[in-house]
Amino acid sequence: MKAYSTGQTIHTVSAPRIQMVDNLIAFIRDANEFLQKELDLSPANQLVTNIISQLSLQLRSCYLPEEIQSVLSNDYIRTNQRKLQDKLSEAEFLAELSHSRNISKSDSFVLDTLKSLPYWNIYKALVSQELSILRKFIGQDDFTEQLPIVFVGSGPMPLSAIILHLLGDMKVVCLEMDSVAYDASCFLLESLGLADKVTVVMGNGSEYDYSSYNQIFVASLVRNKLEVLEQITLTSSDPLVAVRTAEGTRQIIYEAIDESQLNKQGWRILGRSCPEENLVINSTLFLEREAPHM
C-alpha cells in the first residue's frame with residue numbers, strides 16, 4: 001500500500017488501485033499508438049470508434065486526486081497528450097460531420113433523428129447545467145432580453161447551440177472558422193427549420209467583433225481560447241463568458257484552460273459546472289471581467 005499526504009490528510013492507495021492506474025496509463029499509450037498509425041479516423045473505421053469509446057469510458061470514471069496526478073505526470077502522457085488530443089479532435093470532427101450530413105439527408109423527422117444520437121443526452125445534460133448556472137448570474141428578465149448568445153467553435157454538428165435554443169428559447173449565433181463545418185451546419189439547421197433561430201457565421205473567434213453580444217460560449221475544441229478571450233475583452237463591453245474546459249483525467253481528451261492565465265488577462269471565475277461520472281466529460285467556467293482597481 002502506498003501513502004500520499006495532502007495537507008493534513010493522508011490518502012492511502014491500495015495495490016489494486018495502483019494497478020488500475022498503471023493499466024489506465026498503458027491503455028492510453030496503446031490507444032495513442034493505434035490512433036497515430038490510423039489513416040482513417042472517420043466513424044466508418046469501427047476499430048477507431050471502439051477504441052475511442054473505451055478510452056472515453058475509462059476517463060469518465062472516478063479517480064482519487066493522487067491517481068489523477070500519477071496519470072497526468074507520467075512522462076509518456078505529458079509528451080504525447082497534445083498529439084492524442086489532435087487525433088481525438090479529428091475523429092470527433094469527422095463523426096459529427098458524418099452524422100450531420102446523414103441526418104440532413106434523412107427522410108424522417110430531422111429533430112427526432114438528432115435526438116436519437118447516442119451523445120444527445122450528454123450534450124443535453126451539459127447544456128442544462130450551463131443554463132442553470134447562467135440564470136444565477138443573469139436575472140430571468142435580462143436572460144431573455146440579452147440575446148442572442150454567441151457560440152464560438154460550433155462545428156459541423158452544432159448540438160450545443162441547438163439545445164441552447166430549444167431549452168432556453170434563445171437565438172444563437174454560431175461562429176465557425178472551418179468551411180466544411182460551416183456548410184454542414186448550415187445545411188443541418190435548414191433541414192431542422194431552425195436557420196432563423198440558430199445562425200452560422202464564418203469566422204475566427206480570435207478576430208470576431210463581439211460588441212453586439214454579452215453572453216458568449218467557447219467550445220471545448222477551440223484551441224486558441226486565450227486569444228478568443230482577449231478579443232472578447234477588446235470588443236465586448238460587459239461580457240459573461242462560458243468556457244468549456246476539462247478536469248482530472250478528462251484532460252487527456254480535451255485541453256484544459258490555464259486558469260492562472262485567466263487571472264492575468266483580468267478575468268474572474270464566477271462559477272463552474274462539474275462533469276458527471278459516466279456521462280458529461282466537460283466542465284464549464286463562467287467568467288466576467290475583473291473590475292478595475294481604483
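When reading the values below, keep in mind they use all heavy atoms of this one structure, side chains included, and skip hydrogens, waters and symmetry mates.
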Subject >> Lys/Arg-Asp/Glu bridge criterion (N-O < 4.0 Å) met for D86, R223 >> reply: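 Yes, this pair counts.
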Original post:
Below 4.0 angstrom, N of the basic side chain to O of the carboxylate: do K87 and E38 qualify?
Top reply: no
Looking just at side-chain N and O atoms, do [X] and [Y] make a donor-acceptor pair shorter than 3.5 Å?
X    : Y    : result
Y63  : Q58  : no
Q231 : S206 : no
E259 : N263 : no
N32  : Q36  : yes
K83  : N80  : yes

Looking only at heavy atoms, which two atoms of [X] and [Y] are closest? And how far apart?
X    : Y    : result
P156 : S100 : O-OG, 2.8 Å
S160 : Y123 : OG-CD2, 3.3 Å
M170 : L164 : CG-O, 3.5 Å
L88  : I252 : CD1-O, 4.2 Å
Q265 : L226 : NE2-O, 3.0 Å
Q251 : A256 : OE1-CB, 3.6 Å

**OP:** Assess whether salt bridge (charged side-chain N to carboxylate O under 4.0 Å, His left out) is satisfied between K115 and D112, documenting all intermediate values.
**Re:** CA-CA 5 Å; K115 290 181 177 180; D112 284 347; 5.5 Å; no
Shared ILVMFWY cluster between [X] and [Y], side chains joined below 4.5 angstrom?
X    : Y    : answer
M202 : F187 : no
V200 : M177 : no
F109 : L188 : yes
V280 : L117 : yes
L221 : I281 : yes

**OP:** Kindly assign one of parallel, tilted or perpendicular to the pair F217 and F286, based on the angle between their ring planes and the thresholds 30° and 60°.
**Re:**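 Ring orientation, 0 to 90° scale: perpendicular.
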Once salt bridge (Lys or Arg N to Asp or Glu O under 4.0 Å) is applied, do any residues pair with [X], and if so which ones, sequence neighbours excluded?
X    : answer
E288 : R268
D22  : none
E247 : R272

Backbone N/O of [Y] and side chain of [X]: donor-acceptor pair under 3.5 Å:
X    : Y    : result
Q69  : E66  : no
S56  : I52  : no
S185 : Y182 : yes
N74  : I77  : yes
S132 : S128 : no
N45  : D40  : yes
S116 : T113 : yes
S53  : T49  : yes
S220 : T245 : no
S273 : T284 : yes

Original post:
Less than 6.0 Å separating the ring centroids of Y119 and H99?
Top reply: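 Between Y119 and H99, the centre distance is under 6.0 Å.
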Contact between [X] and [Y] at the side-chain level, heavy atoms closer than 4.5 Å - yes or no?
X    : Y    : value
I216 : I149 : no
T233 : R289 : yes
R78  : L72  : no
V48  : F34  : yes
L194 : H165 : yes

Look up atom [atom1] in [X] and atom [atom2] in [Y], then write down how far apart they are to the nearest 0.5 Å.
X    : Y    : atom1 : atom2 : result
I257 : L229 : CD1   : CG    : 5.0 Å
I103 : L114 : CD1   : CG    : 5.0 Å
L270 : L287 : CG    : CG    : 7.5 Å
L55  : I51  : CG    : CD1   : 7.5 Å
C174 : L189 : SG    : CG    : 6.5 Å
N204 : N224 : CG    : CG    : 5.5 Å

**OP:** Would you sort out whether Q54 and N50 count as a side-chain hydrogen bond (donor to acceptor under 3.5 Å, both in side chains), showing the intermediate values?
**Re:** CA-CA 6 Å; Q54 292 176 42; N50 290 342; 5.9 Å; no
**OP:** From the options E33, Q81, R29, select the one residue that forms a side-chain hydrogen bond (donor to acceptor under 3.5 Å, both in side chains) with Y76.
**Re:**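 Testing each of E33, Q81, R29 against Y76, the sole residue satisfying side-chain hydrogen bond (donor to acceptor under 3.5 Å, both in side chains) is E33.
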